There are 2 protein chains.
Amino acid sequence: MQPSTKTRKEQIYEVASELFSQRGYHATSMRDLAARLGMQGGSLYAHISGKEELLVEIVTQATDRFDTALRPLRTAQMSPQDKLREALRVHIQVIATHLDSATVFFHEWQHLGPEYYNKVAERRDVVESFYRDLVREGIEKGVFRATLDVKIAAILILSVANWTYIWYREGGPLKSDDIARVYTDMLLPGLLAQLV
Amino acid sequence: MQPSTKTRKEQIYEVASELFSQRGYHATSMRDLAARLGMQGGSLYAHISGKEELLVEIVTQATDRFDTALRPLRTAQMSPQDKLREALRVHIQVIATHLDSATVFFHEWQHLGPEYYNKVAERRDVVESFYRDLVREGIEKGVFRATLDVKIAAILILSVANWTYIWYREGGPLKSDDIARVYTDMLLPGLLAQLV
DNA sequence: CCTACCGATCGGTAGG
DNA sequence: CCTACCGATCGGTAGG
């Protein structure tokens, strides 16, 4: 065990997430980043291969977190209501606890080169398809309205969850779990076939 | 009347909106922009004062459109349900018909210098306060649930409306008005005190 | 609106 | 991880 459990590389990613989220990827220079880490610009290249590697790594980590959080729910034996509730809880938790990298992900992933762009686009669609499947399952079980447009309903849920990166700030009046609960309570009536 | 109703300046803003929305503000060079307009980089400065003027103008126009669309509804004599429906309709219409500048607004306004940043932040809050007032009015009239958290409810509505800039594309299966209608139908049950 | 140019800064590398 | 440096490109200007 080292005094710090973070490797230098992890420190670089962390500070890069912060700067990229605040100023944007292109507006952040490698010298800015190096200065924040107490080193010279050129020294960064002893640890990383280039600027785009930073963006790729940050964005990939962000999509991985959503995937890791939602995947177990896919096959979970839960009612559609509870699954939605839990999905929103972990989804918003991922954003709240990794706000910088989530922000970089939402703002900058499209600026990745084509080879990474496609991978991330796939990952993104996995999350959206999770909510589509959830809505579809709810309809099939007779719990959600049969008249729902599956795609639009999924996007509506995703809109609400993802938008939290815009306004959520640590130390605010509502904890991440509280936000998810209030959101779920507001969304469910529009999804349910009959209110209980 | 000229053959084109657009001034050269308006053309510059339009192409800048397109490039900024696709590549990002900082990743777009003035030479890129000039080339798309069939001129040399330096020639742009015969029409505009600098790069930031472009961003300021695009972002200001975007906020103006939301303001212009929603302002008449503030004092409109309508039921809260109808007001929400109409608000979402015009809100999403603004995004759909000016997708490039809306995208630039959402992605880049924070990168404006402090003097413009504050102005835009105010404009942004005017839109959010519109939805807060709408929710509050609905509660006071007994139409919306008294248990609603006004701020969170407003943000939820705003999330759904704003997120359309991410996925809406012209020529898709749903027109802007259709999206707004389906969204309203899904959101209202969670807001209403009793379903009608 | 063009040509020619300015200083500044960029991402990245060589050699230690 | 530093010093010193590379070519490329940036936003912007002077003078026409």
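Residue numbering restarts at 1 for every chain, and letters A, B, ... go by the order of the sequence lines. Both backbone and side-chain heavy atoms feed into the values below; hydrogens, waters and symmetry mates do not. The model shown is predicted, which means the values in this text are computed figures rather than measured ones.
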| remark: DNA chain D in dot-bracket form (Watson-Crick or G-U pairs under 3.5 Å, [ ] crossing, | inter-strand) is ||||||||||||||||

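By the 4.5 Å heavy-atom criterion applied to side chains, Glu170(B) and Lys175(B) are not counted as neighbours.
For Trp163(B) and Tyr168(B), the ring centers are positioned 6.0 Å apart or more. You'll find the ring centres of Phe106(B) and His107(A) outside the 6.0 Å limit. Here His111(B) and Tyr25(B) keep their ring centres 6.0 angstrom or further from each other. In this structure, Tyr131(B) has its ring center under 6.0 Å from that of His91(B).
Between Glu137(B) and Lys83(B) there is a salt bridge, since at least one side-chain N of the basic residue sits less than 4.0 Å from a carboxylate O of the acidic one. Taking a cutoff of 4.0 Å between a charged side-chain nitrogen and a carboxylate oxygen, Asp178(A) and Arg181(A) qualify as a salt bridge.
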| field | Letter per nucleotide, 5' to 3', of nucleotides 3-16 of chain D [B base touched, S only sugar-phosphate touched, - untouched; heavy atoms, 4.0 Å] | value | B-B----BBBB---

